[in-house]
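Chain letters run A, B, ... following the sequence lines, proteins first, then strands; residues in each count from 1. These numbers were taken from a predicted model, which means no experiment stands behind them.
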Amino acid sequence: MIAMDVYEKLMAMAKRRGIIYPSYEIYGGEAGFYDYGPIGSMLKNNIENLWRDFYVMRERFMEISTPVITPYRVLKASGHVDKFIDEIATCKKCGASFKVEELKDGKCPLCGGEVERGVLNLMFETSIGAKKQDKAFLRPETAQGIFVNFPLLQHFARKKLPFGVVQIGKGFRNEVSPRQGVLRLREFSMAEAEIFFHPDRKMHPGFDKVKEKRLKLLPEGFEREEIFTLRKAIEKGIIQNEAMAYYIALTHDFLVSIGVDKEKIRFRQHERDELAHYANDCWDAEILMQRFGWVECVGIADRSAYDLKAHMNSTGVNMMLTDESKKVKKKILKPKMDAIGKEFRKNAPMVIEAIKNADYGDDIHVEIDGKKITIDERFYEVEEVEEYEKFIPHVIEPSYGIDRITYAVLEHNYREVEKEGESYVILSLPSKIAPVKAGVFPLVSKDGLPEIAKEIEEMLRENGIMAVYDDKGSIGRRYARMDEIGTPFCITVDYQSKEDGTVTVRYRDTTEQERVKIEELVEWLSEKI
RNA sequence: GCGGGUGUGGUGUAGUUUGGUAACACGAAGCCCUGCCACGGCUUUGCCCCGGGUUCAAAUCCCGGCACCCGCACCA
């Protein structure tokens, strides 16, 4: 028999244990969609909450929540309508598909056959309103909801840069052919942070703490990954700025803390022709998976001023900030009203306007009654003023694919051990993301032990510790069930519990046990999760 | 989207060649047993991906669809 790979075993287990299901399965399923079951939902929530811990708590970013449905004009302005497409040509003769640019004289580059062209926009289209039918899309990223709120958000942040805004939510991409299970979904969860910087100051106060961190980097043009300290990567110009380096480090720490194997993480810089239409630099966190190789799970992109500029141009709403540290001297022209009025009479407003629109050093002309008249210094004075520089903030965006990361966590923590000739599955999840923190069992289902165990389970839940009571089957079977969903602790009530008020607590990964007093359980567990 | 493969209880499989409506293991539920790692007994549950065709009769043959897997292409 051919051994199943981890993917197959994991997905079968995931279905059995309420982690991941194919969506709409009773209707035959729908490619590109998966459900999270009861255990999977808790796992995903825990991962998202830990992400909040990193980005909202520690980085002090602000979380917002904006609609999935996005009006046409927003995504037109952002470039998604025009750029988020695939122009595809399919050869009628040999069936091969190509990008339009790859065609030779409009023919198939392989066999020279006639091709059929098609344009695919990867966004799901919908409409708003029953009668008006305004065109709209399901968002392809959560980021735009943040950018369009920039004026309000920067006011809320009291104009201090840098500041970050995050959003966790669904994104939608109508993939041409979704494959690889939960790794390529049409509807997926993403956690994105948009961090706004002064263009010349992409720095982070935390950089010093992480600069000696050694990470596996695969910079553009490199054949294979190499280990660099972040300090060195910055010095060599491999990573463009400290902020980018800092978020690479933060991403690494986050992934490791939720249980991704740190040996299986690398950061790969996009090749220039691979960059998204909005990005001028991007580093992906890639995670090594047994079946799929290196998989992009996080993209950390420098979007420059692209998006804010796009929305500013499209709406006229000001997206610029003032740099109060940078004064620029500027000569401005002030019209001399009395001279202008006497000379030009009813044409005066036109002259005033022309002066206001001119820069120092320009020749100023107006046309009156078909005659071109030069406005000289009799009509204005030059004044030197100092004003602050204005700029459109730049954005660095760490964007996390939660589903891919969740799968990676499952795969990297899936362990099989031999137990009496049978294979035994343990999901060695870090306690803090484990869906269930404790299983609570009576050693035997009699003599009042179940009652004590039920009380303990209730006590744990009341104290915010997710616990599950189970008295079905043998004790070993109950341990096994909990091991498979990654429950770090199992509490067993035995006869000694009745005498001295202690229970055994079993560690998932070692199966070792220790006795803990029932009244100290909450504290004991809280410390360890 | 193209080509190939696959689709049988919740899971993993046998049965498909040669047509006669399904079996095994594990699981799950109930009862009993049970003094710590998938114990045992009894009982129960539950499957031929969907639609059409051929046939007296289809899990089995044919056509179409869907899903999954592999390769090609695509993947901001």
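Both distances falling under 3.5 Å, in either a Watson-Crick or a G-U wobble arrangement, place G64(B) opposite C50(B). Applying the Watson-Crick and G-U wobble criteria (two distances, each under 3.5 Å), G3(B) pairs with C70(B). In this entry C33(B) has no Watson-Crick or G-U wobble partner, no candidate having both defining distances under 3.5 Å. If you check G20(B) for Watson-Crick or wobble pairing at under 3.5 angstrom, you find it paired to C56(B). The partner of C39(B) is absent, by the rule that a Watson-Crick or G-U pair needs both atom distances under 3.5 Å. Base-pair partner of G9(B): not found among the strands shown (Watson-Crick or G-U wobble, both distances under 3.5 Å). In this entry U44(B) has A28(B) as its Watson-Crick or G-U wobble partner, both defining distances falling under 3.5 Å.
Among the nucleotides C69(B), A28(B), U11(B), the one closest to the side chain of Arg291(A) is C69(B). Taking every side-chain heavy atom of Arg481(A) into account, A28(B) is the closest of A28(B), C37(B), C74(B). When distances are taken from the side chain of Glu484(A) to each of A38(B), C69(B), C36(B), the shortest belongs to A38(B). For Glu30(A), taking side-chain heavy atoms from C-beta onward, the closest of the listed nucleotides U11(B), C75(B), A67(B) is A67(B). Nearest to the side chain of Thr511(A), among G12(B), C37(B), C75(B), sits C37(B). Comparing U11(B), G27(B), C36(B) by their closest approach to the side chain of Arg477(A) singles out G27(B). Distance from the side chain of Tyr479(A) is smallest for C37(B) among the nucleotides G35(B), C37(B), A38(B).
Taking the C1' atom of each, A67(B) and C26(B) are spaced 25 Å apart, rounded to whole Å. Comparing A59(B) with U17(B), their C1' atoms are spaced 14 Å from each other, to the whole Å. When the P atom is compared between C32(B) and A25(B), the two are found 25 Å apart, to the nearest whole Å. Straight-line distance between the C1' atoms of U44(B) and G51(B): roughly 33 Å, to the nearest whole Å. On the P atoms, C37(B) is 24 Å away from C42(B), given to the nearest whole Å. Comparing C48(B) with A23(B), their C1' atoms are spaced 12 Å from each other, to the whole Å. Here, U16(B) and G7(B) have their P atoms 12 Å apart, quoted to the whole Å. A28(B) and C69(B) are spaced 27 Å apart, taking the P atom of each and rounding to whole Å.
Rounded to the nearest 0.5 Å, atoms CD (Gln513(A)) and OG1 (Thr492(A)) are 6.5 Å apart.
The CD1-P distance, from Ile20(A) to U11(B), rounds to 15 Å in whole Å. Tyr24(A) places its OH atom 18 Å from the C1' atom of C50(B), with the value rounded to the nearest Å. Summarising the geometry, the separation between CD on Glu8(A) and P on U11(B) is reported as 14 Å, rounded to the nearest angstrom. Taking atom CD1 on Ile475(A) and atom P on A38(B), their separation rounds to 11 Å, with Å as the unit. The nearest whole Å value for the distance from the CG atom in Asp447(A) to the C1' atom in C36(B) is 16 Å. Rounding to whole angstrom units, CG of residue Leu183(A) and C1' of C74(B) are separated by 16 Å. Atom-to-atom, CZ of Arg186(A) to P of C68(B) comes out at 9 Å; the value is rounded to the nearest Å. As rounded to whole Å, 14 Å separates atom P of C36(B) from atom CZ of Arg506(A).
Under 3.5 Å, the side chain of Gln513(A) and the base of C36(B) form at least one donor-acceptor pair of N or O atoms. In the interface, the side chain of Arg179(A) is paired with the base of G71(B) through a donor and an acceptor atom under 3.5 Å apart. One can find a donor-acceptor pair under 3.5 Å joining the base of C36(B) and the side-chain atoms of Thr504(A). For Tyr27(A) and C50(B), a side-chain-to-base donor-acceptor distance below 3.5 Å is absent, hydrogens and geometry of angles not being considered.
Within the 4.0 angstrom heavy-atom criterion, no nucleotide atom of any strand lies near Gly473(A). Among the atoms of the strands shown, base atoms are found under 4.0 Å from some heavy atom of Tyr424(A).
The minimum heavy-atom distance linking Pro450(A) with Val444(A) is given by the pair CD-O, 3.9 Å.
Tyr400(A) and Tyr55(A) are linked by a side-chain donor-acceptor pair at a separation below 3.5 angstrom, with hydrogens and angles left out of the test. Judged purely by distance below 3.5 Å, without hydrogens or angles, the side chains of Glu499(A) and Tyr495(A) never pair a donor atom with an acceptor atom.
Of the residues near RNA chain B, Ser474(A) and His80(A), the one whose nearest nucleotide (by heavy atom distance) lies more toward the 5' end is Ser474(A). Each of Leu443(A) and Ala31(A) was matched to the nucleotide of RNA chain B holding its nearest heavy atom; the match closer to the 5' end belongs to Leu443(A).
OP1 or OP2 of G10(B) has not a single side-chain nitrogen or oxygen of Tyr21(A) nearer than 4.0 Å. For the OP1/OP2 pair of C32(B) and a distance below 4.0 Å, the side-chain nitrogens and oxygens of Lys446(A) include no atom meeting the criterion.
Using cut-offs of 30° and 60° for the angle between ring planes, the Phe61(A) and Tyr247(A) rings count as tilted.
Screening Asp403(A), Asn45(A), Ile19(A) for a side-chain contact (heavy atoms from CB on, under 4.5 Å) with Tyr36(A), the sole residue that qualifies is Asp403(A).
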Check the pair Asp302(A), His394(A) against side chain to side chain donor-acceptor pair (under 3.5 Å), reporting the backbone distance first and the verdict last. CA-CA 8 Å; Asp302(A) 188 334; His394(A) 278 209; 4.6 Å; no

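No side-chain donor-acceptor contact under 3.5 Å links Asp307(A) to the backbone of Ala310(A).
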